[in-house]
2 protein chains.
Amino acid sequence: MESKDIKEEHGKQNIKLAVDCSIFTVIDGELHILLIKMKEKLTDLWALPGGLINNNETADSAARRILNQQTGVSDVYLEQLYTFSELKRDPFDRVISVAYFALIPAESVVLQTNPRYEDVRWWKMKELPKLAYDHKKIAKYSQKRLKWKISYTNSAWSLLPEEFSLSQLQDIYESILEKKLDKRNFRKRILGLKIIEPTDKKSTFGAHRPAMLYKFITKKPKIIEII
Amino acid sequence: MESKDIKEEHGKQNIKLAVDCSIFTVIDGELHILLIKMKEKLTDLWALPGGLINNNETADSAARRILNQQTGVSDVYLEQLYTFSELKRDPFDRVISVAYFALIPAESVVLQTNPRYEDVRWWKMKELPKLAYDHKKIAKYSQKRLKWKISYTNSAWSLLPEEFSLSQLQDIYESILEKKLDKRNFRKRILGLKIIEPTDKKSTFGAHRPAMLYKFITKKPKIIEII
DNA sequence: CCAAAAGTGTTAACGCTACACCCATGT
DNA sequence: ACATGGGTGTAGCGTTAACACTTTTGG
């Protein structure tokens, strides 16, 4: 066998490191993602919240900082998704990006961007605008992961308020999985998992029978087959 | 609500980007991982094969290149695992590392390192030597992913030769999952999945009844509940 | 003929799916 | 009283888990 080539460039590494965040919520039975509108470059395109990692922070803390600065969102459970390293994913620079994703209840947050961006808002996943960089790819990949997570873990709690009805919970599942579920079987399954428990309250909304409100027993991440 | 702080450092980003590879195999019913022995710095510690990404390559191609240069291993299906970004994970520099992992049949490869390293060899996961950097953490994390993968996908093919007996296959599962499986149920399950088919050959090894040899119908990655 | 691994079915328990009607409220 | 979503049980089916003996070969 021939001896190993060692061709390493001895010039300086010239790659920038960024993070991008796919933040999801469900509004009116539809899955939405949080986007910011570009201003200084790539004007009028929308993008996932994201930016460069500082020298003294981990990728996780960069993601939290940048998300907060660009959208006002804080205190979310961010999960690392994938690292995107295609050569031309950023047209200006060589940038490798660590993507994160998270789920939040839409009503829990006041969206607010900073002067560097023109706007921030929720977009339906089914009606995405034109996205900058490779962010469409990242968004689609995130959505795949989301379907997996909601099916196999108790992570749905992070899309709901503290107390919620079983119908609200089922609506989350149907929105993300994009299919209808049987009401009786869904309830049997969820209650059997012992991950939620009834409160003593009832919802008093609308012209119909009030719904019992439930809450999650624990929010510690758990792997559990749900659907 | 107060206006958003924008505290970004405007000094240059000074973070290096590397890849590390967890390469697994099963030898004599025991899970092993491929390690190289350090020479120039961190002398006498062992480490996962890894190094810096070049300016003109993706993380994936860097992983393939570096793995080949440092161990002689080529043509493997590398899967991205996680990106490790702790501040002090490398004692000399700020380095963020994209970890990859792969499975190979041990007998398919001739291990050969290069002059920068002192040695390369397989180590039992149960008897790891002292590892450099945060590589112990990466190795353990890889092992968790491996258990998942072997349970829920057809990836076991990459640990076996072209043709193999059902007992060899079961041995792979038992070694990785670290538990015994029922022979009859295992065979029923695997054959029912239609992912392998019999060849017309039999193994002629040892003082016992010869085993029918099987091969994988396809090696395309598939998600299938196996165990 | 002995040791060693290969090969082979059945049963009982459990979990999943499909399915339709009554209840409590607001207007 | 009616419109709206909330709430409930069962039967049939398929899947899984537990379990032990016979077969084929080499030495």
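Only a predicted model underlies this, so the values are computations on that prediction, with no experimental measurement involved. A, B, ... follow the sequence lines: proteins, then strands. Residue 1 opens every chain.
- Remark: P of C:dG9 and CZ of B:Phe186 are 18 Å apart, rounded to the nearest angstrom.
- Salt bridge B:Glu174/B:Lys180: present, at least one basic N to carboxylate O contact under 4.0 Å.
- Between B:Lys219 and B:Glu162, at least one side-chain nitrogen of the basic residue sits less than 4.0 Å from a carboxylate oxygen of the acidic one, meeting the salt-bridge criterion.
- One atom, CG of A:Asn185, and another, C1' of C:dC19, lie 9 Å apart when rounded to the nearest Å.
- Within the structure, a side-chain polar atom (N or O) of A:Arg187 is placed less than 4.0 Å from OP1 or OP2 of D:dG7.
- Between the NZ atom of A:Lys201 and the P atom of D:dG6 there is a distance of 19 Å, rounded to whole Å.
- Atom pair A:His208:NE2 and C:dC22:P shows a separation of 21 Å (rounding to whole Å applied).
- B:Arg189 comes within 4.0 angstrom of sugar-phosphate atoms only, judged by non-hydrogen atoms across all strands, and of no base.
- Of all nucleotides listed (D:dA20, D:dT25, D:dG7), D:dA20 comes nearest to the side chain of B:Arg184.
- Residue B:Lys188 places a side-chain atom within donor-acceptor reach of the base of C:dT10, judged by atom type and a 3.5 Å distance cut-off alone.
- A:Ser155 and A:Ser158 form no side-chain donor-acceptor contact under 3.5 Å, judged by distance and modelled atom types alone.
- For the pair A:Ser167 and D:dG6, the criterion of a side-chain N or O lying under 4.0 Å from OP1 or OP2 is met.
- Within the 4.0 angstrom heavy-atom criterion, no nucleotide atom of any strand lies near B:Thr204.
- Using a cut-off of 4.0 Å between Lys/Arg side-chain N and Asp/Glu carboxylate O, B:Arg89 and B:Asp134 are scored as salt-bridged.
- The closest donor-acceptor contact from the side chain of B:Lys183 to the backbone of B:Ser167 lies at 3.5 Å or more, if one exists at all.
- Relative to the side chain of B:Ala207, the nucleotides D:dG5, D:dT24, D:dG27 differ in distance, and D:dG27 lies closest.
- The distance from atom CG of B:Leu181 to atom P of D:dA18 is 11 Å, rounded to the nearest whole Å.
- The nearest heavy atom of DNA chain D to A:Asp182 and to A:Ala211 marks one nucleotide each, and the one closer to the 5' end goes with A:Ala211.
- Here D:dT15 presents its P atom at 16 Å from CD1 of B:Ile190, a figure rounded to the nearest Å.
- Each of D:dT8, D:dT4, C:dG7 was ranked by its minimum atom distance to the side chain of B:Arg209; first place goes to C:dG7.
- Atom C1' of nucleotide C:dT8 and atom CE of B:Met212 are separated by 13 Å, given to the nearest angstrom.
- Protein atom NZ of B:Lys183 is 8 Å distant from nucleotide atom P of C:dG7, rounded to whole Å.
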